[in-house]
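One structure is given below, encoded as structure tokens.
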Amino acid sequence: MNLMITGFFCYILGMLTVFVPKRREMWAHYLAQGATILGSLCVFMSAVVYLLTDMSSPQLICVVGNFSLEMDGWNAVFLAITGLGGIITGVYGLGYGIFYQGNRLRILSSLFTTFVFSMVLVALAQDALGFLLAWEIMAVVSFLLVNHEAEKKGVWQIAYQYLVMTHLGTAAIMIAFFVVGSGAQDLQFSSLAMETLDVGTRNIAFLAAFIGFALKAGLVPLHVWLPNAHPAAPSHVSALMSGVMLNMALYGFGRFIFNFLGPVEFWWGLLVFSVALISAFAGALYAQMATDMKRILAYSSVENMGIVFVGMGTGMLLLTTNHQELAMLGFVAAIVHAFNHSIMKTLLFMSAGSIMHGMSGEKNIEKMGGLGKFMPKTALFTLIGAMGLAALPLTSGFVGEWLTFKSLLHLVNAQAGTGFRLLAAFGFVSLGLTAAFALGAFVRFYGIIFLGRPRTNIGEKAQETSGSMLIAMGISSFLVVAMGVFCAPIVELAIKVINKTLVKLPALTNNLIIMPQANTDAGVYAPLALAALFIVLAVILYGLTYKKNLLVKSDVTWNCGTVSTNRQQYSATGFSKPVRRAFGAILKPIRQKSYLQKSHDYFGREVLYKLSLPDRFTDNLYQPMQHWLVKAAAFLRQIQTGSVRLYVGYVMVAMILVLIWGAMYRG
Amino acid sequence: MEQLLILLLAVVFLQTRIMNLKNAIVCLMAQSTIIAVACFMVGMESNIGWHSFLPAILTMVFKVGVIPYALFTLVKKLTNEQELESNINANYSTAASAFFVVLSYMLIDKMLPGIGSRDIVASSLVLIMTGLALIVMRSRAIMQIVGLVTVENGIYLFGMAITEGLPIIIELGIFLDVLIAVVVLVILTKRLSLSFMTTDTNVLQKLKG
């Protein structure tokens, strides 16, 4: 308890650094980041300490009036995620903030601290009002952070879009809370959980909660703000937004499902499952297409939150069957993947920041290339992160996805009849496709940025980052590998959380290898054995090739006798061409060819080729909606002529009508 | 009391016919004076010490004194003292007033059958509705302020009839509210005449985006 309060004080100290005089800007920055790191360390430590106990009773942090802050199993997981994210991005921010010197740095740093603090409060709040308050602070602070570089082109529009969208989400969550709390004495979580509601009310509450939290998590089609907002924010902020803030949506959704809404209905699970699958698929597909480095990562977040929610959906579906004990695996998969995704995504956003810094602010991967030579350490860390997000074995990304697949497998046997089997098949196919896309997207991400030769001359002058930024990326990449190889404790912890505090399900056996179910002999993932095998193979290969010059010496690529230029490399757009072709029906790319004049007698006309990918969700869903809204407003405008007298007339008519209605009602 | 109410209704009817700004304010003064007298009579009946007369005194000071004074000083500075709408408009508002009298009595008989202060409640409703009608039908800002004070008088009369004396703190609150509203309105009207060279509120429609 004391540790957590200490963390709070650190955060508050960090928030106060905005009052440090301007000429001591860097002091303020270091103080704020230091406070964030310390505070997050406290939060992380206390969450982990709590997770390691038997979690039999919630731990009270503090009580202020009617508001109380408590830690139970479910939020301890997210506090750990927030704490870890805060530590890593805080360390990174120490160095990264230097680039914002003279550019409202004090505000950036103190808002950063506030952002972490608000997320801690979201996780800890134990009543609806406190939760909504913290949620709203989180939304507004992240809006301000997205808007930090408002002088850049298009940033404020993006920030505005984010603000509007996030408020729609908050409205939905508010509705959900009030529907759930319609019969309760107060809005404390404990009294909300006690209440029993009828099916209709629960359905409305579920729908509102799902819309609200899906918007924050960036599930399709409510994700449109995400690929815009994340690239606009400073890198350590987008790392935090993508890695931690999105998980807060999972936290809130889990609260509703496990604590407030009572028994799960079948269609809830089906809705979550399908929306999540579509998100995962669309996110991965668009991640393949984007050329803005941070946009790729943002779409990858959509994909990964999709996978997390597939786990949730599978768990919810299984809860409606007779085999409730199988549901555990889906929820465990969600927790594990959320945790791992937060580390990986933080890492990759941080390396994106380093690359941007090295490339003097360039975000377009088409203009990069060959950076591995100039930034070897960043390249290594990015490789590890990219491997994780592509879900390769021995990295942490694999564990969560593997567990999700395992839980999908349980759908097959959960119930007689073909319905669940069809669902499982559907899930397998689309998740498999998603994983393949993700692999492609990150091969492209790493390959285009770090391999080959520089495509522009900015790339030739790229510099390796140094100091705290490398340390932060190093910590993250170490964690990505460590969590991948020693994943069993994490999974065990997740199982414990689900078991002790949420749904009461029988424990499943588990040891250093992951074996989700004792009675099935198939489907065991033993990362340690794999790692050992990998090391042995590597040693053997190295021994065989050592000083034997087996590898061909490198030379310039043969290019039909001419010297190859940098522009002849595989481009990012070219790399994703096959996928764009194959999924043209979904993506609907717009290709424009315009013929210019002849510049040489012996050659044909010059051709200008333009390729653009429309944002189909914006074009086909949001634009018509906006159009419709404006039309509706135009109808309303007829009543609002601007004449004050007419307005008073409306009041008078309303008053007289109410009086007459009252008289009639009485008589 | 009945005679007083008849007088009040007569004044209200007169109010709907007046198109000259100064006369309208004088009429408003008369109306407020009648309300003050009514307050005084209620205070006499309740007989709970000196502060039962406080409402009457406050009404006299604010609605007969301060507010008309502010309006008069404002009117002096304006060049055009006439309401712009035509006489037909006056006929319509008088007819509306007559309709409101009937409607009010019908409503009272339906909603509060057998109430002792039937006439007071009905006249207060007439006052409220007529005040609103004045705001809607007149376009000069001063006339609309007059309408607002009429509404306020009606509400006050209604409160008096229903509760037989509100707590002192609420009375004070109401009076301060009205006073400040009117002061603000007077200032705004002055600004209006400075900016647009007229106090016709129709020009405000131009401000709409």
Side-chain angles (χ1 to χ4, degrees), chain A residues 140 143 147 150-151 153-168 171 225 618 622-667, chain B residues 83-85 89 92-93 96-97 99-115 121-122 124-141 143-145 147-148 150-151 154-155 158 185 188-189 192 199-209:
Chain A
V140 170
F143 155 73
N147 200 26
E151 66 276 358
K153 200 179 138 212
V155 167
W156 72 262
Q157 285 96 332
I158 287 166
Y160 181 70
Q161 182 196 27
Y162 170 54
L163 191 68
V164 171
M165 292 291 282
T166 191
H167 272 105
L168 286 180
W225 61 272
T618 312
Y622 286 89
Q623 297 272 2
M625 214 142 80
Q626 192 186 358
H627 182 71
W628 181 80
L629 262 177
V630 170
K631 260 195 163 171
F635 170 72
L636 274 182
R637 208 178 294 159
Q638 289 175 355
I639 307 173
Q640 288 210 315
T641 55
S643 160
V644 184
R645 292 159 62 196
L646 203 57
Y647 295 164
V648 180
Y650 295 149
V651 173
M652 190 173 100
V653 169
M655 189 193 81
I656 291 175
L657 283 181
V658 166
L659 280 174
I660 291 176
W661 180 75
M664 305 252 284
Y665 184 73
R666 173 144 186 131
Chain B
E83 165 65 39
L84 302 165
E85 302 282 346
N89 190 293
Y92 281 140
S93 37
S97 242
F99 170 70
F100 290 148
V101 173
V102 179
L103 185 70
S104 303
Y105 274 96
M106 276 170 66
L107 282 174
I108 296 301
D109 286 346
K110 273 268 188 193
M111 289 171 97
L112 308 162
I115 189 171
V121 175
S124 67
L125 273 182
V126 173
L127 236 66
I128 294 170
M129 290 177 188
T130 314
L132 281 172
L134 279 179
I135 299 177
V136 175
M137 290 179 162
R138 300 287 185 267
S139 66
R140 293 296 291 260
M143 293 302 249
Q144 293 184 344
I145 297 173
L148 181 76
T150 311
V151 172
I155 291 171
F158 190 81
L185 280 173
L188 286 180
T189 312
L192 189 69
T199 54
D200 184 2
T201 51
N202 285 335
V203 296
L204 291 178
Q205 277 191 47
K206 286 184 203 158
L207 299 177
K208 189 191 158 206

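Letters A, B, ... mirror the listed sequences (proteins, then strands); counts begin at 1.
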### Any side-chain heavy-atom pair of A:M655 and B:I128 under 4.5 Å
yes
### Query
A:L659 versus B:L103: any side-chain heavy-atom pair under 4.5 Å?
no
### Message
On a heavy-atom basis, which atom in B:L132 and which in A:V648 lie closest, and how many Å separate them?
### Response
CD2-CG1, 3.7 Å
### Query
Does atom OH of A:Y160 have more than 12 heavy-atom neighbours, drawn from other residues, nucleotides or ligands, at distances under 6.0 Å?
no
### Query
Looking at CE of B:M111 and CE of A:M664, how far apart are the two atoms once the value is rounded to the nearest 0.5 Å?
12.0 Å
### Task
Taking the side chain as every heavy atom from C-beta outward, state whether A:R645 and B:I135 have any atom pair closer than 4.5 Å.
no
#### Entry: Under 4.5 Å from a heavy atom of chain B, the part of A:L646 involved
neither
### Task
Could you tell me which non-hydrogen atom of B:K110 sits nearest to which non-hydrogen atom of A:A663, and how far apart they are?
CB-CB, 3.7 Å
